[in-house]
Amino acid sequence: MSTGEQNGNAANTPSGGGGIEYNFSQIEKKWQQVWRETQVYKVSNESDKPKYYVLDMFPYPSGAGLHVGHPLGYIASDIYSRYKKLKGFNVLHPMGYDAFGLPAEQYAIEHGIHPAVSTETNIGTFRKQLDNIGFCYDWDREVRTCDTKYYKWTQWIFLQLFNSYFDRKEQKAKPVSELKKQFMVHGSLPFTMNHDPFTAEEWKSFDEKIQQDILMQYRLAFCGYGEVNWCEALGTVLANDEVVNGVSERGGHPVVKKKLRQWYLRITEYADRLLEGLDRIEFSEAMKGNADELDW
Amino acid sequence: MQTNWIGKSSGAEISFGVKAMNYGNESSQLKAQGPQLTVYTTRPDTIFGVDFMVIAPEHELVETITTAEQKQAVEDYIAYVKSRSERERIAEKKISGVFTGAYALNPFDGREIPIWISEYVLAGYGTGAIMAVPCGDERDHKFARHFNIPVTNIIGGYYNGEEANPTKDAILENSGFINGMVMKDAIDVVINKLEEKGIGVRKVNYKMRDAAFSRQRYWGEPFPIVWKDGIAYPMDESQLPLELPHVDSYKPGPEGEGPLANIKEWALIPNSSPPAEKGAAKVPKYSVYAPVQYELAKQMRKEYTAAEGKLWEVVRDSKLGYKFRRQHPVDRYIADFICLQEALIVEVDGGYHSTDEQKLYDEERTKVLNTIGFEVMRVTNEEVINHPLKTGRKIKERIEQKRAESSQFTPLHEVEKGQGVRETNTMPGYAGSSWYFLRYMDPHNDSEFCSRKASDYWNQVDLYIGGTEHAVGHLLYSRMWTKVLYDLGHIGFDEPFKQLVNQGMIQGSSRFVFRIHGTNLFVSASLISDNGTYDGKQLDKLHADVNMVDGFELDTETFKKWRNEEYADAEFILEDGKYICGSEVEKMSKSKFNTVNPDDLVAKYGADTFRMYEMFLGPVELSKPWDTKGIEGVHRFIRKFWRLFADELKGLVVMEEEPTAAELKVLHNAIRRIENDTERFSFNTAVSNFMIATNELTDLKCHKRKVLEPLLVLIVPYAPHIAAELWSLLGHTTSVIDQPYPVFEEKYVKETSKAYPIAINGKTRTEITIALEATQQQVEELVLADDTVKKWLEGKAPKKIIYVKNKMINVVI
């Protein structure tokens with residue numbers, strides 16, 4: 001099969017008297033290879049053209065691979081991305097994998113294959129299937145959430161959340177160091193979380209544990225105690241629907257309520273800003289509004 | 001969905017005093033001393049209709065206010081509630097609850113209001129207490145009825161005695177200072193009065209709760225947090241990433257902790273001062289009796305016995321994988337061999353150890369060493385000299401056994417003071433997806449999550465396509481993270497996505513076969529009677545794999561081989577020689593055998609056909625059923641498109657002549673419609689328009705380059721491969737995928753004629769296509785020659801023919 005040609009040489013087998021057949025398999029493989037080798041879909045951050053960013057929700061690389069329902073959204077965004085490019089935009093159209101999460105761990109428990117390994121395999125399959133359909137992703141920008149080079153920054157952002165609090169007066173996040181300064185100079189804020197008000201003197205007299213406990217009530221990522229269903233016999237935490245009449249659905253073992261250390265995001269502080277922002281974006285009305293309820 | 005999830009409501013917090021027994025009957029006091037019960041309500045206007053209070057069984061006041069008589073009933077109920085999950089409590093239709101014996105006092109008129117506990121009020125939401133108004137709230141009404149609590153009617157005729165009415169329009173009765181007011185007007189009045197008297201405050205409440213952000217699992221991002229003495233310390237940014245360690249087992253940790261809690265080497269951090277040997281934290285604490293022991297020990301190391309020498313060769317230099325020392329002073333003794341980290345002492349015994357005296361001494365010594373925290377293992381000279389390696393293995397196994405036994409993770413509170421312990425939870429799946437749209441902008445940056453330059457350039461996502469299942473969670477979290485990063489100055493925008501489009505789902509089109517119950521005989525669908533039987537017999541309706549069905553016709557041979565020949569003995573009652581399947585539209589799933597693999601379709605028809613077909617199924621946002629037959633139509637269209645350019649027999653058929661007006665009209669109509677459709681996301685109608693254009697050009701026998709090249713560029717987004725191939729066949733060396741989009745020109749599509757509705761006396765009877773330049777006379781001629789018009793005229797001449805150019809024609813008779 002001919003390689004990397006862009007000028008006039010058809011990959012098709014001429015049939016008899018110089019005819020040119022529509023041999024889609026050959027044509028498509030040929031051009032997928034050309035595009036890959038010439039990196040036509042690679043996009044730069046420096047361009048005079050106006051930008052346009054088209055994003056697909058990235059998939060969880062499950063073992064089942066694609067079925068016809070998945071590509072629907074991908075094809076639509078691919079069409080639009082290619083269209084915008086023809087219209088003279090510098091189009092960012094990336095793809096990656098949402099690779100951390102329970103399914104890979106379940107698979108590992110059942111089949112003894114480490115999640116990192118099964119994930120790698122599944123990504124390989126997914127990629128082949130996607131390439132088969134001729135998408136114009138800039139694969140140079142691929143991300144995988146389980147990659148250390150990626151989650152280094154997920155952890156970094158967590159630290160930003162941990163080290164910040166929400167200033168209700170200014171309605172924005174600020175470093176916790178500023179809150180500490182406030183406490184040292186003015187004592188507790190006009191609104192207090194779940195602690196007694198204190199003066200600046202009192203703050204300075206608190207030992208570190210007390211100070212940190214108070215600060216934890218303001219941090220945007222904080223640690224608290226959540227109620228969970230603990231089953232000693234099974235040795236696991238159970239979800240609410242795995243518990244029936246106080247015993248585990250599986251095996252009927254006793255289940256007790258336990259306070260387990262849990263981390264949380266203090267998203268409630270952003271409630272008003274999240275509401276207000278809806279007016280500035282184009283989600284469908286159903287998305288934005290008071291339609292049906294969804295469980296958390 | 002987002003607004004509903006956030007659930008913002010405005011109302012008031014109201015403090016009710018609680019009539020406590022030891023404060024006597026002070027109903028004249030409007031502001032009670034003693035415990036206060038605070039509730040949140042969106043209907044302060046109903047304050048005079050409060051007939052009882054309900055508080056969560058876990059509420060902190062329950063113990064204080066419950067009377068002696070009610071104590072047992074309350075305790076029993078609380079025990080029951082402990083076994084219930086939140087979801088069960090909220091969903092429960094059955095009414096349950098217990099009276100506490102205590103009364104709250106209405107803040108305005110001091111009326112005594114019984115306080116109940118019930119599981120449907122949760123401690124974690126709002127204040128954990130509500131004021132119940134049975135005439136206005138159906139749940140409260142049912143509760144009152146169930147427990148025979150008298151109902152106060154504050155809404156006059158709006159309450160019929162049977163059902164509660166949540167109206168805001170009633171005029172208030174039995175309502176003290178707000179009597180005679182319309183309810184909705186009274187809300188603010190009451191709130192103002194509450195604030196004036198200091199017994200309540202205007203408040204905004206949210207249904208939304210803080211998002212749980214940890215999992216007790218393995219496969220997730222570790223938290224960059226170290227716990228020390230009960231305080232969570234953030235790691236320094238320079239220490240990132242904190243890598244997920246490799247594990248062999250995913251067993252949960254002890255007490256519900258995650259699997260990372262089982263890996264002590266990862267989770268425990270040695271005390272940072274003084275610098276310690278790896279694993280130093282595990283060493284039992286001991287002291288040495290007298291400094292002279294060090295001298296003694298040194299000497300004994302020099303004068304070792306043969307057996308000791310042999311064993312030393314086996315254990316020295318961590319050969320067993322564990323660090324051993326020899327002749328080491330511990331308390332008043334000197335251990336032959338010791339592994340400090342694993343708290344194991346190995347003593348080599350010569351013959352003299354079997355004397356009674358020595359045995360006693362050894363026992364005493366072992367007791368002391370055990371108390372300090374060391375295990376003492378004894379091996380004989382003979383063992384060591386004759387089987388040194390076996391002895392070494394025995395020692396190693398003992399250590400490993402000890403380790404397995406003590407695999408309890410040291411709970412945080414038992415860890416030594418100053419000892420660091422890593423957080424063993426991992427982040428939930430949505431952590432990575434809350435910011436990935438930023439990383440794409442600058443994916444190789446090692447010093448930042450995304451440079452300001454990159455995020456300033458790419459800014460918001462212009463178009464985000466995904467399913468509705470992410471409506472709440474993912475979208476809320478990513479919007480929150482974006483706002484935090486914006487607030488802290490790391491990016492320049494606070495909304496990540498400008499526009500979101502939800503694609504619909506593709507539903508499966510299932511196929512069914514019908515087997516006569518108890519037999520192997522399958523009946524073709526159309527032979528089945530309306531009541532679902534065949535020949536009076538019951539039928540089993542079974543899913544058949546859609547890949548074995550052509551349209552509705554079953555490939556019976558393949559069916560017999562299916563699922564390990566489960567139906568090998570099947571026989572068929574056919575119709576016209578065919579077995580016809582039943583069909584239904586259902587969710588696409590493996591268990592319904594109605595999934596279709598894109599790889600198969602691409603192999604059979606090509607990716608371009610597959611792409612255009614998926615779009616052709618219907619508008620992007622609608623859910624639609626899959627139909628494998630339809631793809632053949634799209635494939636035929638693509639082949640027809642190909643033949644405008646090249647032929648299987650003649651090769652390239654493209655001509656260089658100038659296009660005709662008709663041909664240009666087809667082209668520019670196509671440009672206009674397809675550009676419009678693509679811009680508006682109406683890809684299904686775009687595909688139709690490609691088909692129309694192809695048909696029209698085929699009919700016109702048009703193979704002209706000047707028409708076909710722009711058409712090729714139009715189809716690039718939809719069928720990029722065929723576009724690229726044809727582009728190169730046309731002699732181009734450039735890439736077709738970044739050509740400029742064809743420009744629509746109005747002049748080529750001006751209509752030259754119009755299909756006029758022809759009315760007779762104002763009523764449209766037929767349609768005639770007439771050139772736009774037609775004169776009155778030409779129009780009259782054409783109209784009168786028309787058969788339908790002639791019929792209506794019945795031989796008579798019309799009074800008048802009204803002709804409005806490009807609009808209508810009316811024949812008046």
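First the proteins, then the strands, lettered A, B, ... as listed; each starts at 1. Values in this document were obtained by computation on a predicted structure and should not be read as measured data.
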Tell me which of these, [options], has more heavy-atom pairs under 4.5 Å with chain A than the rest.
options: Ile506(B), Asn445(B), Ile465(B); result: Ile465(B)
options: Pro252(B), Pro742(B), Gly220(B); result: Gly220(B)
options: Thr595(B), Asp738(B), Thr678(B); result: Thr678(B)
options: Asp599(B), Thr609(B), Val620(B), Ile722(B); result: Asp599(B)

We want to know whether Glu237(B) and Gln160(A) form a side-chain donor-acceptor pair, criterion being a heavy-atom distance below 3.5 angstrom. yes
Between Gln212(A) and Tyr233(B), do the side chains contain an N or O donor and an N or O acceptor separated by less than 3.5 Å? no
How many angstroms lie between atom [atom1] of [X] and atom [atom2] of [Y], to the nearest 0.5 angstrom?
X: Tyr151(A); Y: Glu221(B); atom1: OH; atom2: CD; answer: 8.0 Å
X: Asp608(B); Y: Ile133(A); atom1: CG; atom2: CD1; answer: 11.5 Å
X: Ile27(A); Y: Trp642(B); atom1: CD1; atom2: CH2; answer: 4.0 Å
X: His444(B); Y: Arg141(A); atom1: NE2; atom2: CZ; answer: 7.5 Å
X: Arg217(B); Y: Gln106(A); atom1: CZ; atom2: CD; answer: 5.5 Å
X: Met441(B); Y: Tyr53(A); atom1: CE; atom2: OH; answer: 5.0 Å

With side chain to side chain contact (heavy atoms under 4.5 Å, CB included) as the criterion, how do Trp263(A) and Asn425(B) come out once you've worked through the C-alpha distance, each side chain's angles and the decisive distance to 0.1 Å? CA-CA 9 Å; Trp263(A) 286 86; Asn425(B) 276 318; 4.2 Å; yes
Leu265(A), Leu220(A), Ile157(A) screened by side-chain contact (heavy atoms from CB on, under 4.5 Å) with Val484(B), the one that passes: Leu220(A)
Centroid separation [X] to [Y] less than 6.0 Å:
X: Tyr80(A); Y: Phe681(B); result: yes
X: Phe213(B); Y: Phe222(A); result: no
X: Phe158(A); Y: Trp435(B); result: no

Using modelled atom types and a 3.5 Å cut-off, is there a donor and acceptor pairing between side-chain atoms of [X] and backbone atoms of [Y]?
X: Arg611(B); Y: Asp78(A); answer: no
X: Glu105(A); Y: Trp219(B); answer: yes
X: Asp210(B); Y: Thr268(A); answer: yes
X: Arg479(B); Y: Leu274(A); answer: yes
X: Gln155(A); Y: Pro222(B); answer: yes

Kindly write out the residues that satisfy side-chain hydrogen bond (donor to acceptor under 3.5 Å, both in side chains) with Thr148(A), not counting sequence neighbours, or none if the list is empty. none
Should the pair Phe58(A) and Tyr440(B) be assigned to parallel (<30°), tilted (30 to 60°) or perpendicular (>60°) ring geometry? perpendicular
Checking heavy atoms, do the side chain of [X], its backbone, both or neither come under 4.5 Å from chain A?
X: Leu617(B); answer: neither
X: Phe683(B); answer: side chain
X: Pro443(B); answer: side chain
X: Glu679(B); answer: both
X: Val204(B); answer: neither
X: Lys8(B); answer: side chain
X: Met615(B); answer: side chain
X: Ala686(B); answer: neither
X: Ile737(B); answer: both
X: Gln499(B); answer: both
X: Glu614(B); answer: both
X: Leu244(B); answer: both

Which heavy atom of [X] sits nearest to which heavy atom of [Y], and what is that distance?
X: Lys149(A); Y: Arg439(B); value: O-NH2, 3.9 Å
X: Ala603(B); Y: Ser25(A); value: O-OG, 4.3 Å
X: Ser164(A); Y: Leu488(B); value: OG-CD1, 3.4 Å
X: Ser214(B); Y: Arg261(A); value: OG-O, 4.3 Å

Quick check for you: among [options], which has the greatest number of heavy-atom pairs under 4.5 Å with chain B?
options: Tyr264(A), Tyr83(A), Tyr74(A), Tyr60(A); result: Tyr83(A)
options: Leu275(A), Val247(A), Asn163(A), Val54(A); result: Leu275(A)
options: Asp56(A), Leu72(A), Val143(A); result: Leu72(A)
options: Asp98(A), Val255(A), Asp140(A), Leu102(A); result: Asp140(A)

NZ/NE/NH1/NH2 to OD/OE distance under 4.0 Å, [X] and [Y]:
X: Asp494(B); Y: Lys172(A); value: no
X: Asp462(B); Y: Lys84(A); value: no
X: Glu46(A); Y: Lys453(B); value: yes

As a quick check of understanding, evaluate side chain to side chain contact (heavy atoms under 4.5 Å, CB included) for Gln129(A) and Asn597(B), giving each step before the final call. CA-CA 10 Å; Gln129(A) 290 184 299; Asn597(B) 189 328; 4.0 Å; yes
How far apart are the C-alpha atoms of Tyr22(A) and His635(B), what are their side-chain angles, what is the distance that settles it, and do they pass the side chain to side chain donor-acceptor pair (under 3.5 Å) test? CA-CA 11 Å; Tyr22(A) 173 51; His635(B) 191 62; 5.5 Å; no
Please evaluate residues Asn45(A) and Trp458(B) with respect to the criterion side chain to side chain contact (heavy atoms under 4.5 Å, CB included), reporting the C-alpha separation (whole Å), side-chain torsions for both, the decisive distance (0.1 Å), and the verdict. CA-CA 8 Å; Asn45(A) 285 1; Trp458(B) 289 113; 2.7 Å; yes
Would you say NZ of Lys152(A) has more than 12 non-hydrogen atoms from neighbouring residues, nucleotides or ligands within 6.0 angstrom? yes
I'd like to know whether OH of Tyr486(B) has more than 12 heavy-atom contacts from other residues, nucleotides or ligands below 6.0 angstrom. no
Show your reasoning for whether side chain to side chain contact (heavy atoms under 4.5 Å, CB included) applies to Trp153(A) and Cys450(B). CA-CA 9 Å; Trp153(A) 300 106; Cys450(B) 179; over 6 Å; no
